[in-house]
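Please read the structure below before turning to the comments.
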Amino acid sequence: LVVHALEQTLKAKGTFVLADKALDLKVELAGDIGSALGAARRAGVPVKSNIPPGAIALGKGEFQLEVKGKLDEGLTVSLPSAKLRVAGGTVQLDGNVTLTRGEADSEGKRALGLDTLHTDVALRNVRLSSLAAIRGKKLPGLDGSVSGDITLRGTKQAPKADIDLLIRAK
């Protein structure tokens, strides 16, 4: 399946086995998030976010997501070396999260929730002023960049993060 809409491209390929609700799906996304939000806004869709064009972009072939598992039990969501252009720099994601079904609620529904997390995030030269602009803010008289690595591991009950960032401000 290939969808081109709002200046974005979505490619999805996979299988779903109805008998045991098994999913094996690969999704590739490409496009500029700010441009998509602007196009939606121009089409009359109420959009709260003011992410400017160029602030967050997914290059062709650079952002792929994989989802595998059984819907009644749990899913593994993987981002193998996904790259985003963010605020004048890059953010690379590499890892996976495991989602499992919890206990049944009063209506018998079992929500899907985080079980384990194993993800690495690398930031390279992400501009502080551009990050602020994504949030609709300004940094008068200040600019700079942030680079570094974030390692996320563990479970919902015992998450762990190792953060090593360098912020250069001027």
Side-chain angles (χ1 to χ4, degrees), residues 1-16 23-69 75-99 112 114-139 142-154 159-170:
L1 171 70
V2 177
V3 177
H4 299 284
L6 299 175
E7 303 174 28
Q8 310 297 300
T9 300
L10 174 131
K11 294 180 182 178
K13 178 170 105 173
T15 59
F16 179 70
L23 178 67
D24 185 350
L25 177 66
K26 291 183 181 184
V27 177
E28 180 182 324
L29 302 170
D32 184 306
I33 304 303
S35 294
L37 294 174
R41 196 176 291 110
R42 288 188 300 277
V45 177
V47 176
K48 292 183 181 181
S49 178
N50 288 320
I51 295 174
I56 303 174
L58 311 170
K60 185 176 180 179
E62 294 180 342
F63 191 90
Q64 297 178 6
L65 174 76
E66 298 175 7
V67 182
K68 292 183 181 184
L75 301 170
T76 298
V77 180
S78 302
L79 284 166
S81 298
K83 183 177 177 182
L84 298 88
R85 287 170 281 153
V86 177
T90 59
V91 175
Q92 186 144 353
L93 303 163
D94 189 358
N96 60 63
V97 296
T98 303
L99 307 171
L112 198 57
L114 178 66
D115 184 36
T116 60
L117 175 66
H118 186 277
T119 302
D120 298 315
V121 181
L123 295 98
R124 299 293 177 258
N125 301 312
V126 178
R127 290 193 53 164
L128 298 175
S129 60
S130 298
L131 276 177
I134 290 172
R135 298 286 301 143
K137 309 289 182 191
K138 292 184 180 180
L139 297 174
L142 177 68
D143 202 359
S145 64
V146 61
S147 294
D149 300 299
I150 302 170
T151 301
L152 305 168
R153 301 286 186 271
K160 296 175 187 158
D162 181 19
I163 301 170
D164 183 13
L165 299 176
L166 173 64
I167 299 173
R168 295 182 189 259
K170 45 183 165 171

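- Interatomic distance, Leu114 CG to Leu99 CG, rounded to the nearest 0.5 Å: 6.5 Å.
- Scanning all heavy atoms of the two residues, the minimum distance from Leu25 to Ala12 falls at CD1-CB, 4.2 Å.
- When all heavy atoms are compared, the tightest approach of Gly61 to Glu28 is N-OE2, 3.0 Å.
- Looking only at side-chain heavy atoms (C-beta outward), Leu93 and Leu84 come within less than 4.5 Å of each other.
- In this structure, Arg153 contributes its side chain and Pro159 its backbone to no donor-acceptor pair below 3.5 Å.
- Under a cut-off of 6.0 angstrom, the local environment of CZ in Arg168 is sparse, with at most 12 non-hydrogen atoms contributed by other residues, nucleotides or ligands.
- For the atom pair CD1 (Ile51) and CD1 (Ile134), the distance works out to 6.0 Å, reported to the nearest 0.5 Å.
- The distance from atom CG of Leu123 to atom CD of Gln92, rounded to the nearest 0.5 Å, is 10.5 Å.
- Under the 3.5 Å distance criterion, the side-chain polar atoms of Arg85 are left unmatched by any main-chain donor or acceptor of Asp32.
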Apply salt bridge (charged side-chain N to carboxylate O under 4.0 Å, His left out) to Asp94 and Lys83, showing your working. CA-CA 9 Å; Asp94 189 358; Lys83 183 177 177 182; over 6 Å; no
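- Between the OG atom of Ser49 and the CZ atom of Arg41 there is a distance of 7.0 Å, given to the nearest 0.5 Å.
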Go through it in stages, so that I can follow the logic: the residues are Arg124 and Asp149, the test is salt bridge (charged side-chain N to carboxylate O under 4.0 Å, His left out), and I'd like the CA-CA distance, side-chain angles, deciding distance and then a yes or no. CA-CA 9 Å; Arg124 299 293 177 258; Asp149 300 299; 3.1 Å; yes
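- Note: Leu131 CG to Leu139 CG = 9.0 Å, rounded to the nearest 0.5 Å.
- Put simply, the side chain of Asn96 never gets that close to the backbone of Thr76: no donor and acceptor are under 3.5 Å apart.
- Across all non-hydrogen atoms, the minimal contact from Leu128 to Ser145 is CG-N, 3.9 Å.
- Nearest heavy atom pair, residue Val126 against residue Thr90, reads CG2-O, 3.8 Å.
- The two residues Ser35 and Pro53 come nearest to each other via the heavy atoms OG-CB, 3.8 Å.
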